[in-house]
Amino acid sequence: MATPVGFHALPLPIVQLSLAAVLKCGQSFRWSIFPLLYASHGDIAVSPTSPTHEYRFCLRDRLVCLRQSPDTLFYHTVFPEVPTSPTQKALKEAETLTWLRDYFQLDIDLMKLYEDWSNRDPVFNKLRSRFSGIRMLRQDPWENLVSFICSSNNNISRITKMVTSLCKHYSPPLLSLLPPCQLDKLGENQEPESYHPFPPPSVLAAPEVASVLRSLGFGYRAEFIQRTAAMLVTAHDLDTAADAREPSEKWLMTLRDLDTSEAREELLKFIGVGRKVADCILLMSLDKREVIPVDTHVQQIAVKHYGLRASSGTKANMTPKLYDEVNTKLAKVWGDYAGWAHSVLFTADLKSFSSYGLPSPSSPAISADAESLGKEAIAVPPTPPLTPSPSPIKRRRAREVTSQPEQAVAIRDEETLQPDDSSFSGSASSLADRVKKRRRVTVDVATKL
DNA sequence: ATTATACCCTAA
DNA sequence: TAGGGTATAA
């Protein structure tokens with residue numbers, strides 16, 4: 001497989017990382033995804049293992065572009081200004097590689113983890129071949145925090161729109177770039193897209209942000225975001241180092257050094273952050289690999305496949321107690337990297353992945369067909385799409401873009417494991433506690449640095 | 001200490 | 001009419 005022009009090649013088996021799965025399974029909401037459509041015949045030589053997509057992510061100073069073949073990750077960096085010398089350029093690409101290793105946590109051997117989870121858990125074992133390469137990203141905590149405040153009572157599609165719109169409105173474009181060459185669109189003249197970094201806390205802390213976000217369709221989360229940003233900025237004076245991370249962002253990073261429960265306690269002080277959102281942040285950007293965020297999906301998975309008692313009422317809400325029950329049970333099943341394992345199951349449960357390998361949630365998915373899903377591994381290699389498929393990046397003029405709700409689809413009616421007497425750990429903090437803790441945030445944090 | 005209800009918006 | 005939650009008030 002030839003390296004695409006302008007790209008660097010990093011050898012990496014796709015079982016270690018599947019971009020197609022990881023970048024749209026609800027961890028990060030800021031990756032642009034472009035289908036690459038090749039002519040099946042013609043003068044362009046294409047192997048069946050050619051990358052099917054390009055993925056783009058905007059950092060504060062550069063745009064990272066990725067493609068993937070079964071054994072190679074291709075990366076390419078675009079800067080606002082072309083690097084002066086070739087040496088300079090090489091240096092910059094090396095930085096990008098460093099970022100990639102960190103962001104995708106490439107030092108963690110995913111095969112070993114899959115092996116371990118398979119031994120521990122027959123349910124996982126059934127899925128491993130169909131959902132390989134799903135690993136946890138190591139995201140920026142600030143971006144992660146805001147994104148997941150957006151996630152409450154919401155679906156991936158809308159969260160993505162909200163985050164995109166947030167960036168467009170509150171951070172200037174870093175650069176503009178044409179979409180990658182798409183042969184089906186050779187005739188059409190394509191518009192360059194502008195790429196925006198994630199806005200820093202000080203920008204979102206401004207009081208008027210709440211109402212603006214509201215008008216942008218953020219709903220009640222608008223206030224959460226603005227107030228959380230304000231809390232953060234207030235607690236950590238900005239001594240504004242122009243281009244770098246702000247102090248409050250750095251402080252969020254230091255939560256990586258705390259114990260899980262300490263870090264969680266800090267996160268829960270923010271407005272709009274409850275247990276579930278806090279756990280998402282712990283897992284996805286604060287290195288707490290054992291943490292399992294429990295949403296209604298995960299709860300259903302736990303009931304269906306792991307013998308957890310169904311919630312008492314017909315329509316019971318997620319109580320802290322139930323949350324801990326689910327959490328403890330699954331943590332026990334999956335062990336040290338339970339949060340990572342959860343992500344595989346969670347992804348497998350997304351409707352858009354019921355036909356994993358096919359590009360679009362709108363394709364007539366085999367979806368609700370729990371039967372076919374459970375049978376032998378179909379091991380579908382990602383097939384280059386034959387027809388143009390709607391990408392999430394379709395230009396959106398109006399705010400009403402049809403979106404596909406990510407719904408649950410049964411993984412499989414498997415023999416349920418016998419219920420396990422799980423011990424409860426941890427306890428929800430009372431309202432009073434939380435109020436006190438919130439009041440203390442400034443003081444606490446001030447003494448911390 | 002637990003439990004119920006509103007919340008913003010979208011899809012069904 | 002319910003949803004990939006959280007903040008409030010009972």
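In this text the structure is predicted, and so the values were computed from the model without any measurement. The sequence lines fix the lettering, A, B, ..., with proteins before strands; numbering per chain opens at 1. Values below: every heavy atom of this structure, side chains too, minus hydrogens, waters and symmetry copies.
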Colleague: To the side chain of A/R158, which of C/dT6, B/dT10, B/dC7 is closest?
Modeller: B/dT10
Colleague: Please state the P separation for the pair C/dA9 and B/dC8 - nearest whole angstrom.
Modeller: 15 Å
Colleague: Between B/dT3, B/dC7, C/dT6, spot the one nearest the side chain of A/Y220, thanks.
Modeller: B/dC7
Colleague: Could you state the atom-to-atom distance from CG of A/N153 to P of C/dT6 in whole Å?
Modeller: 9 Å
Colleague: Would you mind telling me which of C/dT8, C/dG4, B/dA11 lies closest to the side-chain atoms of A/R227?
Modeller: C/dT8
Colleague: Taking side chain as C-beta onward, heavy atoms only, is A/S151 less than 4.5 Å from A/K276?
Modeller: yes
Colleague: Within 45° of the six-membered ring axis of A/Y337 and under 6.0 Å from that ring's centre, is NZ or CZ of A/R289 located there?
Modeller: yes
Colleague: Which nucleotide sits closest to the side chain of A/R214: B/dC7, C/dG4, B/dA11?
Modeller: B/dC7
Colleague: May I ask you to decide if the ring planes of A/H297 and A/F346 are parallel, tilted or perpendicular, using 30° and 60° as cut-offs?
Modeller: tilted
Colleague: When you match A/F224 and A/N154 each to their closest nucleotide on DNA chain C, which lands nearer the 5' end?
Modeller: A/N154
Colleague: Look at the side-chain N and O atoms of A/R221 and state whether any lies under 4.0 Å from the OP1 or OP2 oxygen of B/dC7.
Modeller: no
Colleague: B/dT5 and C/dT1: how far apart are their P atoms, nearest whole angstrom?
Modeller: 16 Å
Colleague: Quick one: A/R264 CZ to C/dT6 C1', roughly how many Å, whole number?
Modeller: 16 Å
Colleague: How many whole angstroms separate atom CD1 of A/I149 from atom C1' of B/dC7?
Modeller: 15 Å
Colleague: State whether a side-chain donor-acceptor pair under 3.5 Å links A/R62 with A/T77.
Modeller: no
Colleague: Check whether the side chains of A/T260 and A/E290 place a donor and an acceptor atom closer than 3.5 Å, and report yes or no.
Modeller: yes
Colleague: Regarding A/R275 and A/D324, does a basic nitrogen lie under 4.0 Å from an acidic carboxylate oxygen?
Modeller: yes
Colleague: Go ahead and write out DNA chain C as dot-bracket, 5' to 3': ( ) for pairs within the strand, [ ] for ones crossing earlier pairs, | when the partner sits on another strand, dots for unpaired; Watson-Crick or G-U wobble, both distances under 3.5 Å.
Modeller: |||.||||||
Colleague: Could you tell me how far apart A/I159 (CD1) and C/dG4 (P) are, to the nearest whole angstrom?
Modeller: 10 Å
Colleague: Return the value, rounded to whole Å, for the distance between atom CD of A/Q226 and atom C1' of B/dC8.
Modeller: 17 Å
Colleague: Please check the phosphate of C/dG4 (OP1 and OP2 only) for any side-chain N or O of A/T296 closer than 4.0 Å.
Modeller: yes
Colleague: Quantified in whole Å, what is the P atom distance between nucleotide C/dA2 and nucleotide B/dA4?
Modeller: 16 Å
Colleague: Rounded to whole angstrom units, what separation is found between the CE atom of A/M318 and the C1' atom of C/dA7?
Modeller: 18 Å
Colleague: Quick one: which of B/dT3, C/dG4, B/dC8 gets closest to the side chain of A/L350?
Modeller: C/dG4
Colleague: Please state how far atom CD1 in A/I156 lies from atom P in C/dG5, giving the value in whole angstrom units.
Modeller: 12 Å
Colleague: Below 4.0 angstrom, N of the basic side chain to O of the carboxylate: do A/E223 and A/R214 qualify?
Modeller: yes
Colleague: Using whole Å, what does the distance between atom C1' of nucleotide B/dT3 and atom CG of A/L322 come to?
Modeller: 14 Å
Colleague: Would you call the rings of A/Y103 and A/F57 parallel, tilted or perpendicular, where under 30° means parallel and over 60° means perpendicular?
Modeller: tilted
